[in-house]
Amino acid sequence: MLDAKLLRQNPERIRGALTRRNEPPETWDLLERFYILDGEWRDLTTRTEALRANRNSVSQEVAARKRDQLDAGALIEEMRLVGNQIQAADERLRVLDEEMNGILLRLPNIPHESVPYGHSEDENPELRRHGEIPIFDFAPKPHWDLGTGLALLDFERASKVTGSRFVFYKGIGAQLERALMNFMIDVQTRERGYMEVWPPYLVNRTSMVGTGNLPKFEEDVFRLEEQDYFLIPTAEVPVTNLHRDEILAMGDLPIKYAGFSASFRSEAGAAGKDTRGLIRLHQFNKVELVQFVPPESSYEALESIMADAEAILERLELPYRVIEICTGDLGFKDCKKYDLEVWLPSSAAYREISSCTNFEDFQARRSNIRFRRSDKSKPEYVHTLNGSGLALGRTFAAILENYQEADGSVRIPAALQPYMGGLTRIDV
RNA sequence: GGAGUGAUGGCCGAGUUGGUCGAAGGCGCUCGCCUGCUAAGCGAGUAUACGCUGUAAAGGCGUAUCGAGGGUUCGAAUCCCUCUCACUCCGCCA
């Protein structure tokens with residue numbers, strides 16, 4: 001969330017951000033509403049605190065008189081009235097507070113000045129491409145055909161057991177998914193300085209609010225009926241919340257975690273989109289990279305986190321491109337974001353496989369994650385970042401499609417072979 | 001799931017016949033002194049947020065915070081209620 005002080009002191013900056021982001025009128029209404037509430041809140045706070053100060057000093061007086069065996073009845077009576085006024089004011093302040101906080105939690109982040117202006121995803125600039133797009137002398141099959149043909153994937157039974165948008169990985173398929181997990185985690189922990197974490201898959205509401213997944217996007221996630229717990233939509237949520245309400249030492253930073261988890265998305269509103277295959281499931285696996293850094297180095301960290309994700313694609317020798325997200329396509333909590341998109345031959349298109357984001361202090365402020373430069377200095381908010389490194393399901397799909405052969409068999413990328421017991425190809 | 005105990009400042013730990021408690025004491029930390037080095041010793045300091053005021057910085061005044069929320073009271077760390085979490089024992093379970 002944004003700093004309430006910033007809203008007060010620099011309304012033009014906030015309005016500029018909303019303009020650049022192409023925010024709908026509702027967001028503007030929220031902002032104007034905030035200013036109205038804030039005026040009343042500050043006025044009432046000042047007056048209430050004066051009443052409190054008065055009551056505190058008179059109460060001392062009461063204590064003194066009682067000690068001296070003097071009558072304090074008049075003072076007590078007077079303070080009873082003051083107490084009533086305070087109570088009424090508190091009531092109103094609580095209401096104001098709640099609504100203001102609700103607004104703050106719903107106002108989007110301010111895009112970094114370097115983010116290109118644009119209205120929608122169509123205006124996201126492509127920064128660069130890597131790898132050779134494979135040329136097939138046959139019609140490349142989609143991964144779901146390859147996967148079911150090789151008995152690696154079973155969508156039919158998954159929809160019997162659970163429902164649509166779920167999958168069973170089986171046999172070599174399950175092994176491949178597990179190999180991807182180990183490969184990705186190993187690269188990030190052994191070569192790129194991340195600490196491995198395996199987080200809870202359920203989190204409480206406070207954690208979801210902390211990362212910015214709530215209150216605005218409740219329809220996108222799964223919630224337990226009997227308890228206010230949510231299935232994590234990404235490991236970003238539990239891993240970022242690891243340090244909620246903590247004050248870190250400068251020497252601890254940067255903190256870098258690579259977390260493996262299943263991710264759960266309700267995909268509300270995605271009816272009809274990507275209905276086949278591994279691209280859009282209610283549950284998928286992902287290795288997520290999360291960093292906590294001092295503010296001055298967060299943009300450097302964004303570049304490095306992207307490089308960490310790219311390392312996986314490069315080692316798997318998958319063709320991909322990098323795009324930068326323009327202001328109009330930026331997520332609610334993002335300051336700046338890059339997407340990595342992998343080539344999928346069956347659709348002859350690049351598809352998102354990783355997204356690397358700098359949130360600056362947006363999440364840190366919500367979840368109260370701070371650090372001290374030295375023992376004497378005041379706590380400051382850290383900057384948080386994350387990036388997928390990578391989404392396993394989409395990587396699985398990309399391998400099947402890019403490494404397929406005319407007969408429907410699939411070669412195993414060299415980097416993965418040690419994780420597959422030396423297997424070099426999956427034969428029909 | 002049943003029974004019980006507890007939650008105080010960076011840490012430990014007093015305080016529970018309500019008032020002089022933002023909170024004793026110790027440890028840690030910071031600065032200064034002392035000191036061949038180290039250790040020890042001496043002195044001072046050491047929470048956060050918000051509001052008002054104000055500045056080049058600072059500061060000043062006030063309010064709130066003793067797990068969270070609510071209540072009683074002129075006044076609550078201290079009394080009452082609800083919740084959360086931790087620990088112990090029993091049961092169950094991977």
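Chain naming here is simple, since letters A, B, ... match the order of the sequence lines and numbering starts at 1 in each. In this text the structure is predicted, and so the values were computed from the model without any measurement.
- A sub-4.0 Å separation between OP1 or OP2 of B:C74 and a side-chain N or O of A:Arg55 is absent.
- Not one side-chain nitrogen or oxygen of A:Arg67 sits closer than 4.0 Å to the OP1 or OP2 atom of B:U20.
- Applying the Watson-Crick and G-U wobble criteria (two distances, each under 3.5 Å), B:C34 pairs with nothing in any strand.
- Summarising the base pairing, B:A76 is matched to no nucleotide, lacking a Watson-Crick or G-U wobble pair whose two defining distances lie under 3.5 Å.
- Across all strands shown, B:U48 forms a Watson-Crick or G-U wobble pair with B:A64, both key distances being under 3.5 Å.
- Checked against B:G51, B:G75, B:U63, the side chain of A:Thr45 finds its nearest nucleotide in B:G51.
- Checked for salt-bridge contact, A:Arg265 and A:Glu267 miss the test: no charged N lies under 4.0 Å from a carboxylate O.
- The A:Pro379 side chain lies nearest to B:U48 when the options are B:U48, B:C50, B:C74.
- Checking B:U48, B:C52, B:C50 against every side-chain atom of A:Arg372, the shortest atom distance belongs to B:U48.
- A distance of about 11 Å separates the C1' atoms of B:C61 and B:G54, rounded to the whole Å.
- In this structure, the side chains of A:Phe34 and A:Arg106 stay at 4.5 Å or more apart for every pair of heavy atoms.
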Report the C-alpha separation of A:Gln175 and A:Tyr419 in whole Å, then their side-chain angles, then the decisive distance to 0.1 Å, and conclude whether the side chain to side chain donor-acceptor pair (under 3.5 Å) test is met.
-> CA-CA 9 Å; A:Gln175 200 186 331; A:Tyr419 290 90; over 6 Å; no
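- Nucleotides B:G67 and B:A86, compared at atom C1', are 10 Å apart to the nearest Å.
- As judged by a 4.0 angstrom heavy-atom cut-off over every strand, A:Arg94 is placed among residues touching the sugar-phosphate backbone only.
- Comparing B:G25 with B:U8, their C1' atoms are spaced 14 Å from each other, to the whole Å.
- If you check every strand for non-hydrogen atoms under 4.0 Å, A:Arg65 touches nothing.
- Along RNA chain B, the nucleotide closest to A:Glu49 and the one closest to A:Ala63 are compared, and the more 5′ of them pairs with A:Ala63.
- Proximity of the aromatic rings of A:Phe217 and A:Phe332 is defined here by a centroid distance below 6.0 angstrom, and this criterion is met.
- No engagement by A:Val58 is indicated, since no non-hydrogen atom pair under 4.0 Å with the nucleic acid exists.
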